[in-house]
Visitor: 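Have a look at this one before I ask anything.
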Amino acid sequence: RVRNAATGSFLVYQDEMRQRNRERLDAEQSLRSALRHDWVEPFLQPLVNLQTGEVDAFEALCRIRHPDLGLISPGLFIPVAEETGLIGALSDAMLIKTLPLMNDPLLTQVYGEHFSVSLNLSPAQLHDPAMADHLIRELHRAGVDPRRLKVEITETAVMADASIAMVVMKELRRAGISVALDDFGAGYSSLGYLRQLPLDQLKIDRSLVSGIDSDSEKRAIMEMILTLCERLSLSVVVEGIENERELSCLVGMGAHIGQGFLFSRPLPRDELVAQVPRRGILALAGGQ
Ligand code: C2E
Ligand code: MG
Ligand code: MG
Ligand code: MG
């Protein structure tokens, strides 16, 4: 029995630490098993052209399909993968499983042969000088045009070592691979940076999008970002659109590309083709 309040809180703290270590260990074990047994799976979430309603791009999002635990979300294992150095193997598994989807007969039949796919790059990958060559080699091996691939990076990752990141980004773009800045507006976002980074696309974070229809400050910030991107010739994706009110507000502001649960959650290939048409998804979403 604990008497001293300070000691008591120390014991609680120790308990919590132990609990957290156990969970981390579980996550690490699950991740190792997933890599060994090939349980890593890319889910695809459509990006919708908000002017035409066409789906011609997807983001590949990592899932672990665990036989006992079911589907595990990246929020639970990406941080662990980064801490343990397993992120390289995980990213490779994602790459190796995503590229064949780009020539998959069913997907190309429904969405055409030119749809593009985005992959999320971890900070470690963005600072790996061999990354561009690696991607180019794998694209070649899979017979996929580099212009159909996009990589998503974050500002925090760039700033960890901007000089190496810039070199990698430039190499990727020289090879025809597009570079998107993910989660813009989520944390510390610098507008000044935007002009200097070799980018093709900006993805505006869900935190600026949710409830935008009833928040004039968010609308003002969104308008400013959209205008700036137009000036800088950056394409813009608005992430995390969840309802019709947000959608019609964004369409009214002239946003070009949208992504969000309103259109579709990230899905495995078979569910995607069954649920998401190439055209007309705006009408389904009630947008137009
Ligand atoms: P992200 O790259 O910003 O991906 C978007 C996340 O927002 C996805 O979560 C997606 O399911 C979710 N999302 C999309 N639309 C909506 C919406 O309307 N409402 C809400 N509430 N959420 C929405 P997910 O799949 O859980 O991925 C979380 C994060 O994990 C990703 O954020 C990305 O940073 C990371 N991640 C996922 N796959 C990979 C991967 O293969 N490699 C690396 N390095 N990171 C990955
Ligand atoms: Mg992303
Ligand atoms: Mg994002
Ligand atoms: Mg995110």
Side-chain angles (χ1 to χ4, degrees), residues 45-60 102 111-112 114-121 125-126 131-132 135-136 139 144-159 162-209 212 218-241 246-247 249-260 263 282 287:
Q45 186 178 33
L47 276 71
V48 179
N49 182 318
L50 297 179
Q51 328 271 269
T52 64
E54 191 176 359
V55 171
D56 59 3
F58 303 90
E59 178 172 3
M102 299 177 76
Y111 303 108
H114 304 292
F115 67 80
S116 66
V117 172
S118 307
L119 276 171
N120 292 281
L121 280 201
Q125 292 177 287
L126 185 61
M131 186 40 59
L135 288 183
I136 294 160
L139 280 160
V144 175
D145 185 341
R147 284 168 299 190
R148 294 178 61 204
L149 184 69
K150 243 187 207 73
V151 296
E152 299 189 3
I153 60 171
T154 62
E155 271 179 310
T156 350
V158 173
M159 286 187 294
S163 56
I164 295 187
M166 299 271 273
V167 171
V168 172
M169 288 162 80
K170 283 179 187 156
E171 280 178 1
L172 291 167
R173 295 184 78 212
R174 208 176 306 126
I177 299 168
S178 310
V179 179
L181 190 66
D182 205 357
D183 302 343
F184 189 79
Y188 169 76
S189 285
S190 156
L191 292 178
Y193 240 113
L194 278 188
R195 196 173 44 86
Q196 292 163 27
L197 294 178
L199 291 174
D200 301 280
Q201 184 171 78
L202 196 74
K203 299 191 76 177
I204 304 178
D205 192 71
R206 179 166 65 92
S207 55
L208 271 180
V209 177
I212 191 168
K218 284 186 182 177
R219 281 199 298 280
I221 296 171
M222 182 68 68
E223 246 152 31
M224 187 188 64
I225 298 175
L226 292 177
T227 306
L228 186 67
C229 287
E230 179 124 20
R231 291 271 169 82
L232 297 174
S233 302
L234 286 174
S235 98
V236 183
V237 176
V238 182
E239 290 193 285
I241 306 174
E246 292 164 354
L247 173 63
C249 176
L250 289 160
V251 169
M253 294 170 83
H256 285 280
I257 308 168
Q259 180 178 355
F263 305 119
L282 278 181

Visitor: Met169 and Val158: which non-hydrogen atoms are nearest, and at how many Å?
Guide: SD-CG2, 4.3 Å
Visitor: Test of understanding: with side chain to side chain contact (heavy atoms under 4.5 Å, CB included), list the residues that count as partners of Thr227, not counting sequence neighbours.
Guide: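 For Thr227, no residue satisfies side chain to side chain contact (heavy atoms under 4.5 Å, CB included) once neighbours in sequence are set aside.
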Visitor: Test side-chain contact (heavy atoms from CB on, under 4.5 Å) on Leu149 and Leu172 and set out the steps.
Guide: CA-CA 10 Å; Leu149 184 69; Leu172 291 167; over 6 Å; no
Visitor: Keeping Arg148 on the side-chain end and Val117 on the backbone end, is there a donor-acceptor pair under 3.5 Å?
Guide: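 No: the side chain of Arg148 does not pair with the backbone of Val117.
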Visitor: In Å and rounded to the nearest 0.5 Å, what is the NE2 to CG distance from His256 to Leu234?
Guide: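 Between atom NE2 of His256 and atom CG of Leu234 there are 12.0 Å.
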Visitor: Mind checking the SG-CE spacing from Cys229 to Met224? Nearest 0.5 Å is all I need.
Guide: 10.0 Å
Visitor: Take Leu208 and Glu239 through the test side-chain contact (heavy atoms from CB on, under 4.5 Å) and record every step on the way to the result.
Guide: CA-CA 9 Å; Leu208 271 180; Glu239 290 193 285; over 6 Å; no
Visitor: Working to the nearest 0.5 angstrom, can you tell me the gap between Arg147 CZ and Ser178 OG?
Guide: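 Interatomic distance, Arg147 CZ to Ser178 OG, rounded to 0.5 Å: 10.0 Å.
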Visitor: Any side-chain heavy-atom pair from Leu181 and Ile153 closer than 4.5 angstrom?
Guide: yes
Visitor: Sequence neighbours left out, what pairs pass salt bridge (charged side-chain N to carboxylate O under 4.0 Å, His left out) with at least one residue falling in residues 164-176?
Guide: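 Every salt bridge (charged side-chain N to carboxylate O under 4.0 Å, His left out) pair that includes a residue of residues 164-176, provided the two are not neighbours, is Arg173-Asp200.
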Visitor: Could you go through the side-chain contact (heavy atoms from CB on, under 4.5 Å) check for Glu155 and Asp183 one step at a time?
Guide: CA-CA 8 Å; Glu155 271 179 310; Asp183 302 343; over 6 Å; no
Visitor: Going by side chain to side chain contact (heavy atoms under 4.5 Å, CB included), name the residues that satisfy it together with Ile164, two or more places apart in sequence or in a different chain.
Guide: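 Counting only residues at least two positions away or on another chain, Ile164 forms a side chain to side chain contact (heavy atoms under 4.5 Å, CB included) with His127, Asp161, Val168.
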Visitor: Taking side chain to side chain donor-acceptor pair (under 3.5 Å) as the cut-off, I'd like each qualifying pair that reaches into residues 228-237, sequence neighbours left out, listed once.
Guide: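 Qualifying pairs, neighbours excluded: Gln201-Ser235.
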Visitor: Going from CG on Leu135 to CD1 on Ile177, what distance comes out if it is rounded to the nearest 0.5 angstrom?
Guide: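 One gets 5.0 Å once the value is rounded to the nearest 0.5 Å.
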Visitor: Could you go step by step and tell me if Leu126 and Val151 meet the side-chain contact (heavy atoms from CB on, under 4.5 Å) rule?
Guide: CA-CA 10 Å; Leu126 185 61; Val151 296; over 6 Å; no
Visitor: Got a donor-acceptor contact below 3.5 angstrom from the Asn49 side chain to the Thr52 backbone?
Guide: yes
Visitor: Return the set of residues passing side chain to side chain donor-acceptor pair (under 3.5 Å) with Arg195 (not counting sequence neighbours), or none when no residue passes.
Guide: none
Visitor: Could you pull out all residues at least two apart from Phe184 that satisfy ring pair (Phe, Tyr, Trp, His ring centres under 6.0 Å)?
Guide: none
Visitor: Among residues two or more places apart or on two chains, list those pairs meeting salt bridge (charged side-chain N to carboxylate O under 4.0 Å, His left out) that have a residue in residues 48-60.
Guide: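 Every pair satisfying salt bridge (charged side-chain N to carboxylate O under 4.0 Å, His left out) with a residue in residues 48-60: Glu54-Arg278, Glu54-Arg279, Glu59-Lys203.
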Visitor: Of the non-hydrogen atoms in Leu119 and Ala60, which two are nearest, and what is the gap between them?
Guide: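 Where Leu119 meets Ala60 most closely, the heavy atoms are CD2-CB, 3.9 Å.
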Visitor: Looking at Lys150 and Ala180, what are the two nearest heavy atoms and their distance?
Guide: CD-CB, 4.4 Å
Visitor: Specify the closest pair of heavy atoms between Ser118 and Glu152, including all atoms of both residues, with the distance to one decimal.
Guide: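 Result for this residue pair: CB-OE2, 3.3 Å.
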Visitor: Measuring from atom CD1 of Ile204 to atom CD1 of Ile225, what distance do you get when rounded to the nearest 0.5 angstrom?
Guide: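 So the gap between those two atoms works out to 4.5 Å.
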Visitor: Considering residues at least two apart in sequence or located in another chain, which fulfil the side chain to side chain contact (heavy atoms under 4.5 Å, CB included) criterion with Met253?
Guide: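 If we apply the side chain to side chain contact (heavy atoms under 4.5 Å, CB included) test to Met253, skipping adjacent residues, the hits are Ile212, Arg219, Met222, Glu223, Leu226, Cys249.
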Visitor: Looking at Ser207 and Ala186, what are the two nearest heavy atoms and their distance?
Guide: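 Where Ser207 meets Ala186 most closely, the heavy atoms are OG-CA, 3.9 Å.
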Visitor: Taking only residues two or more places apart in sequence or in another chain, which ones pass side chain to side chain contact (heavy atoms under 4.5 Å, CB included) with Thr156?
Guide: Thr154
Visitor: Between CG of Leu121 and CG of Asp182, what distance do you get to the nearest 0.5 Å?
Guide: 10.5 Å
Visitor: Might you point out which heavy atoms bring Ala175 and Ile136 nearest each other, and give the distance in Å?
Guide: CB-CD1, 3.4 Å
Visitor: For Ile241, which of Val48, Leu250, Val251 qualifies under side chain to side chain contact (heavy atoms under 4.5 Å, CB included)?
Guide: Leu250
